[in-house]
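I have placed the structure first, in the form of structure tokens, so that the comments after it can refer back to it.
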There are 2 protein chains.
Amino acid sequence: MVSIKDVAAHAGVSPGTVSNVLNRPGKVAPATRERVEAAISELGFVRHGSASTLRAGHSRTIGLSVIDIGNPFFTEVAAGVEDVASELGYAVILGNSAGSQDKEDRNLRVLAEHRVRGVLITPSGEDPARLERLREHGISVVLVDHPAHRPDQCAVAVDDVGGGRAAVAHLLAKGARSVAYVTGPLSIRQCVERREGARAAMRATGLDPAGLRVIEAMTMTARAGEKAAADLIASGLPEAVFCANDLLALGVLRALLRAGVRVPEDVALMGYDDIDFAAASTVSLSSMRQPTYQLGRIATELLLDECDNPETHAHQHIMFQPELVARESTQ
Amino acid sequence: MVSIKDVAAHAGVSPGTVSNVLNRPGKVAPATRERVEAAISELGFVRHGSASTLRAGHSRTIGLSVIDIGNPFFTEVAAGVEDVASELGYAVILGNSAGSQDKEDRNLRVLAEHRVRGVLITPSGEDPARLERLREHGISVVLVDHPAHRPDQCAVAVDDVGGGRAAVAHLLAKGARSVAYVTGPLSIRQCVERREGARAAMRATGLDPAGLRVIEAMTMTARAGEKAAADLIASGLPEAVFCANDLLALGVLRALLRAGVRVPEDVALMGYDDIDFAAASTVSLSSMRQPTYQLGRIATELLLDECDNPETHAHQHIMFQPELVARESTQ
DNA sequence: CGCGGGGAGTAAAACGTTCTATTACTGGGG
DNA sequence: CCCCAGTAATAGAACGTTTTACTCCCCGCG
């Protein structure tokens, strides 16, 4: 295994000079620099990141902890994170908490051991204490798709109340007067906030927000959506259905069409997230688009700015507005 | 920042003993071990992974390089990898090559710098040389969804020829005599092999394999599938369509239904991958299921076995068979 | 002619572990 | 009574970088 010493010997300089070529090329005279660079490629030297981290006190690695890597939403976030990180020469360590606090804890521990420069996390619970421990170890934390726990912290979120409001306002504008809300577990912050938005929209139109029919599914999948639709059909269809998530909406759509209910003529339907398949389903699905990829990009930019420019860095709480995408299901 | 020395001082032992408690708890007397463990949790010590890697010569980290993190196929593979790795205390560094050799190279370089224990990769090209360089640095490589480049190497793949054959055999068994193959770029190995399988199935039924109509799309997306379907309609519909991928198939399906073509009555349709949305689309899609999650799990198990038991490890070339899932689109 | 200063490079310490050799101690067998 | 085997713990070197303080040399200025 070839080390910086071998390179130094081969180029006839000291190890310190090689290190300078690697990290501060301006500091070394062009002639020697070339000699060193030649030696590097000749010997196939590749820097030992751990040694570098150990001595320098920090690594060029960040952690990304998500709730469900199987969800297209997080996949797109991850793509944004990965792009920015790799542009700036950072590596990304991926952690999938799969909704379990235990797994999230284990992942955070691994990240702490690796002395990552910072962590991007969509917390699966509402307990800020575990993140405090990271900060005590000098690891910056940026929250993704979650409002900030504290002022001296960056966070990038999407306005779920506003999204819920816009979605239901759209349905009401199309003439619907009775609306059902098909949601995932109400232990999930996003589901609750979208419901609040939905109620606000009804209030704004002069309807009683208590009239919003809420159907809570155990999971946010297409199958759960089908079951919810069966409930709706059995107990009398509303004029519009708003789903907390596109997967639920696709399930609802399928069950309705099978039962001979026309969408949007009999029932208007809205999803949330605007995943790729929303546009591709047979009756294309209206949805609330979130800037998922941007969410990942910006969170990473904030994190790396916080790490690389600690003195000039200003903590930011960024709140995106979701965007309504009207398609066939609400024509 | 609390180090192993602080723990040692606090527990009244030497740093070496603390290291033993951490790595070989059996080697140290129960009484001292407890004392050390108490000190560890009291001081909130967390081991410095880089220092450990530097001295020990190897890390508890593996790399995962995929072609497209946005593709549900790779997402599921990643979930399998992540689960096994985290069970065994390994961290996973994620690299997304996005189909670009350059990006893949950059990612591999980062992995080499981190002195990862091993790398799981779905290579985006057919150039084994770049992987050789990793092996020269003592990094094990396991190929995922790709046959092995060489005998002394593990690889986990799925039989794409067999999958193509089974898919088209199924269509032919349903009575179809003319078949079209809608594929992604034929520079992609999987697309070519599935086509070969399709031809083999025709041959086996006594049809001329040259009769397989091949439509090559530039990308493997639903939109590309819609375009392909337009082509088919314009030039006369076959009795069956086999798509290289479910996204293409969903696009084809949507375009056909819109044009008033009934599926499966007028045209039978098969996809490939069996992504979640295949079952959820309005006419549920028949598809070839691949053991994606297992692919990730087993590849990781092989890799870690190769790393942890180099003397007993036997290199394996595992080839899974995809499984036909018949749904409405081929009833 | 001497002195200061700047550019280019070096020597050596340090980072936090792990590991090898070594020591201290205990008990049992010859 | 001595020695040896075995267990428990320690001291200190080593891993490959980065960084600090330092040397050396040359140039220009007073």
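Per chain, numbering begins at 1; letters A, B, ... match sequence-line order. This structure is a prediction, so every number in the text was calculated from the model and none was measured.
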- Query: Is a donor-acceptor contact shorter than 3.5 angstrom present between the side chain of A:R55 and the base of D:dT17?
  - Reply: no
- Item | Phosphate OP1/OP2 of D:dT18: any A:S19 side-chain N/O under 4.0 Å | yes
- Could you tell me whether the phosphate oxygens of C:dG9, OP1 or OP2, come under 4.0 Å of any side-chain nitrogen or oxygen in A:N20? no
- Message: With a 4.0 Å limit, can you tell me whether B:S50 has a side-chain N or O closer than that to the phosphate oxygens OP1/OP2 of C:dT17?
- Response: no
- Query: Which part of the nucleic acid, if any, lies within contact of B:R115, taking any heavy atom under 4.0 Å across all strands shown: a base, the sugar-phosphate backbone alone, or nothing?
  - Reply: nothing
- Message: Are more than 12 heavy atoms, taken from residues, nucleotides or ligands other than A:R35, located less than 6.0 Å from that residue's CZ atom?
- Response: yes
- Message: I want to check one thing: is the phosphate of C:dT18, taken as OP1 and OP2, less than 4.0 Å away from some side-chain N or O of B:R47?
- Response: yes
- Checking D:dT18, D:dT10, C:dG16 against the side chain of A:L22 (C-beta onward), the nearest is D:dT18
- Message: So, does B:R33 get its side chain near the phosphate of D:dA8, meaning an N or O under 4.0 Å from OP1 or OP2?
- Response: no
- Message: At 4.0 Å (heavy atoms only), tell me whether B:T53 reaches a base, stays on the sugar-phosphate, or touches nothing.
- Response: nothing
- Query: Any side-chain N or O of A:T17 less than 4.0 Å from the OP1 or OP2 oxygen of C:dT10?
  - Reply: yes
- Item | Nucleotide nearest A:S14 when distance is taken to its side chain, options C:dT17, D:dT18, C:dT10 | C:dT10
- Query: Between A:G12 and A:L54, who's closer to the 5' end of DNA chain C by nearest nucleotide?
  - Reply: A:G12
- Item | Distance test, side-chain N/O of B:S52 to OP1/OP2 of C:dT17, below 4.0 Å | no
- What integer distance in Å separates A:I4:CD1 from D:dC15:P? 15 Å
- Query: So, A:H317 versus A:H315, ring centres under 6.0 angstrom or not?
  - Reply: no
